[in-house]
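In what follows, every chain begins at residue 1, and chains take the letters A, B, ... in the order their sequences are listed.
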2 protein chains.
Amino acid sequence: MPETTRRADQHLTSRYGNRPTMKDVAARAGVGLKTVSRVVNGEAGVTPDTERRVQEAIEALGFRRNDSARVLRKGRTASIGLVLEDLADPFYGPLSRAVEEVARAHGALLINGSSAEDPDREQELALALCARRVDGLVVIPAGDDHRYLEPEIRAGVATVFVDRPAGRIDADVVLSDNFGGARDGVAHLIARGHRRIGFIGDMPRIHTAAERLRGYRTAMEDAGISVADRWMSLGATSPERVRRAAEDMLDGPDPVTAVFTGNNRVTVTVIRVLAERSRPVALVGFDDIELADLLQPGVTVVAQDAAALGRTAAERLFRQLDGSLLAPERIELPTRLITRGSGELPPAG
Amino acid sequence: MPETTRRADQHLTSRYGNRPTMKDVAARAGVGLKTVSRVVNGEAGVTPDTERRVQEAIEALGFRRNDSARVLRKGRTASIGLVLEDLADPFYGPLSRAVEEVARAHGALLINGSSAEDPDREQELALALCARRVDGLVVIPAGDDHRYLEPEIRAGVATVFVDRPAGRIDADVVLSDNFGGARDGVAHLIARGHRRIGFIGDMPRIHTAAERLRGYRTAMEDAGISVADRWMSLGATSPERVRRAAEDMLDGPDPVTAVFTGNNRVTVTVIRVLAERSRPVALVGFDDIELADLLQPGVTVVAQDAAALGRTAAERLFRQLDGSLLAPERIELPTRLITRGSGELPPAG
DNA sequence: CTCGCATCTGACAACGTTGTCCAGGCTCTA
DNA sequence: TAGAGCCTGGACAACGTTGTCAGATGCGAG
């Protein structure tokens, strides 16, 4: 080996700051490039003495393998992407964490991004993740057309949709039983004697909101109750609109004696509205909320298991990656009615 | 150009599934490789006609640039890493989201990982992120020795610590005023006439816990109150231990008339314990919690702004990246006392 | 008509790693 | 002692992109 290469570590050509490469390590240890690679990857075929020399060089130079190059060469990035609505929402934290744990168990990192419920941003994010060549993608849809992912899926990006179904493409989906949960929650109120029951939910273009509304309607229909239009508020996204909607159905003609709320944010606002009033109004909310048991009365909810959604989706994703081609499947997880008092109040007024 | 190359797209050599490369696009469009690169990156110097042909080829093949290769070549990944404790904790969701937003504004993606409060896992994660060559790292420390990051920082990885200071290295830190917040919270109780005040917090090896404890001690000392050992519980991590600690100081000799809780999880458990009792006990908690205003009484808290912590840290990080070398700085954000009732109860018992 | 200049294009190397393959040295046996 | 076989180590190409640089093309002016 010529003297010039042996001293390569003394004039590292910089890019990432001044990071040593395997070549630098090899030069310093006086071995070949591939030998360093073998040591770093724990491959067989290196004598203990050589290995020690290489390890020392790695230590001395502070070498750390450049995974970008590795990825380029190997074709797998050992990372998956998660596109969700808003990480600050307490529903998505546990979901994301669950996905992360499964990824970790498979040696993968998680890149996540928030779509802020904006279809364009969802697409931008998902495609950016694909450009990074994530091995797989877990998507909580904001939009309702995911054909833009077709080339990616064909190219081998494992993809699973969670919480809401994919739009206009055939893919794996993991959902909560939104319809059944809402129906049971409303039926619970009906069983307590309520007939005038309000529903406040998100825009029906969001699948979960539509399904929960359908559950509400079905429960009412099954009980032979006809629903007045003013009992239903759809698209109540901001706290102000939720508040107005609640007040309308509580104070209008034929006032409701119970309210079913379509998601955790709506529930919280409605709790506030009800707390200001003397007439007791029953409440069942979709999604569990922290401290719900400590309020007076405790808040009865239809709980879904966010962590289980994430875990199931991630496991499905790695099953796609590990092996064979699976036919797209729709997995539905059950919800659980948790009675704490607010849903058991009898009709009043 | 020979006919054979023009048809290169018909025999793509696979790796990432079957992804077309720039070479494939070039062959199909009948142009050179570099021209495709120029079009993809919106560089000047391509005639409209050529550009159109390239765009068509990109469209037809479903080409998407491989950012791994790009990263390898350019040396910047346009991604930053966030190591936090647990994404499922409602404190970290908004923090992570805030970091993400700043990253997005700088065109970067966010990779995050949960350390689960385990120093080894923190290190493993941080180094894995460095191997991915993230441009920067936001770390919420679990351990108290971060010398392992020294080579990385020297190599140019921008690094900011949040919520807790870095251990044994000199680096940027963004903190809440844990000491001042706790001191003020406890002083608030003292001002209401309390003398026997309990403190329940996390292990003092965690910086925030230690600082809050110090705030408690200082407030008591400033008021000339000597603290009994049994009024303090440190290292109460599980709900069970918090419960036991609370019961001990409530039922033992010299029972406390007020409790200061050191973080949101402790606060929630103590609320549960207090709700079971008839004797009113005052409570001030560190960290705000959702629905705190709806409980009876409302929960008085020392609130810190998780989103502001994240935002400030991320902005600092990109300032490091954008430009010059900055001397490490310690930024402290104020806390805010929010009175809601529980902290204003007079001493009883 | 030719020269010079500006504009557009493409060949080539490089980024840092891993897979392939072969060379050289060793041990063991005949 | 020679030959076979094994083990270790290294040279080289490839992954897909971008930066450099030089060549080609077209246009206007002399």
Does A/Thr50 make a side-chain N or O approach to OP1 or OP2 of D/dG9 shorter than 4.0 Å?
yes
Find the distance B/Arg73:CZ to D/dA14:P and express it as a whole number of Å.
18 Å
What's the closest nucleotide to the B/Leu72 side chain, out of C/dT17, C/dG16, C/dG10?
C/dG16
A/Arg133 CZ to C/dT17 P, in whole Å, measures 21 Å
Report yes if at least one side-chain N or O of B/Arg65 is closer than 4.0 Å to OP1 or OP2 of D/dT18; otherwise report no.
yes
What do you reckon, is CG of B/Asp144 surrounded by more than 12 foreign heavy atoms closer than 6.0 Å?
no
Decide yes or no, distance alone: a donor-acceptor N/O pair under 3.5 angstrom between the base of C/dG10 and the side-chain of B/Arg38.
yes
How close or far is atom P of D/dG10 from atom CD of A/Glu51, stated in whole angstroms?
14 Å
Between C/dG19 and A/Ser37, is there an OP1 or OP2 to side-chain N/O distance shorter than 4.0 Å?
no
Which residues satisfy the salt bridge (charged side-chain N to carboxylate O under 4.0 Å, His left out) test with A/Asp170, sequence neighbours excluded?
none
Contacts of type salt bridge (charged side-chain N to carboxylate O under 4.0 Å, His left out), residue A/Arg70, not counting sequence neighbours
none
Going by heavy atoms closer than 4.0 Å, what residues in residues 39-49 of chain B are next to DNA chain C?
B/Gly45, B/Val46, B/Thr47
May I ask you to decide if A/Val173's main-chain N or O and A/Arg330's side chain share a donor-acceptor pair within less than 3.5 Å?
no
Return all side-chain donor-acceptor pairs below 3.5 angstrom for residues 97-104 of chain B, not counting sequence neighbours, or 'none' if the list is empty.
unit_1: B/Arg97; atom_1: NE; unit_2: B/Glu101; atom_2: OE2; d: 3.0
unit_1: B/Arg97; atom_1: NH1; unit_2: A/Asp86; atom_2: OD1; d: 2.5
unit_1: B/Arg97; atom_1: NH1; unit_2: A/Asp86; atom_2: OD2; d: 3.3
unit_1: B/Arg97; atom_1: NH2; unit_2: B/Glu101; atom_2: OE2; d: 2.8
unit_1: B/Glu100; atom_1: OE1; unit_2: A/Ser114; atom_2: N; d: 3.4
unit_1: B/Glu100; atom_1: OE1; unit_2: A/Ser114; atom_2: OG; d: 2.8
unit_1: B/Glu100; atom_1: OE2; unit_2: A/Ser114; atom_2: N; d: 2.5
unit_1: B/Glu101; atom_1: OE2; unit_2: A/Arg121; atom_2: NH2; d: 2.8
unit_1: B/Arg104; atom_1: NH1; unit_2: A/Glu124; atom_2: OE2; d: 3.3

Atom-pair distance (NZ on A/Lys23; P on D/dG9), nearest Å:
21 Å
Is it the case that the base of C/dG19 and the side chain of A/Lys34 share a donor-acceptor contact (distance under 3.5 Å, atom types as modelled)?
yes
Within the pair B/Arg70 and D/dT18, is there a side-chain N or O less than 4.0 Å away from OP1 or OP2?
yes
d(NZ, B/Lys74; P, D/dT20) in whole Å
11 Å
Sequence neighbours excluded - ring-ring contact (aromatic ring centres under 6.0 Å, His included) pairs with any residue from residues 34-85 of chain A
none
Roughly, in whole Å, what's the span from CG in A/Leu33 to P in D/dG10?
10 Å
Can you tell me how far C1' of C/dC15 sits from CZ of B/Arg76, to the nearest Å?
16 Å
Nucleotide D/dG16, atom P - distance to CD1 of B/Ile58 in whole Å
16 Å
Applying salt bridge (charged side-chain N to carboxylate O under 4.0 Å, His left out), name anything that partners B/Asp120, two or more places apart in sequence or on another chain.
none
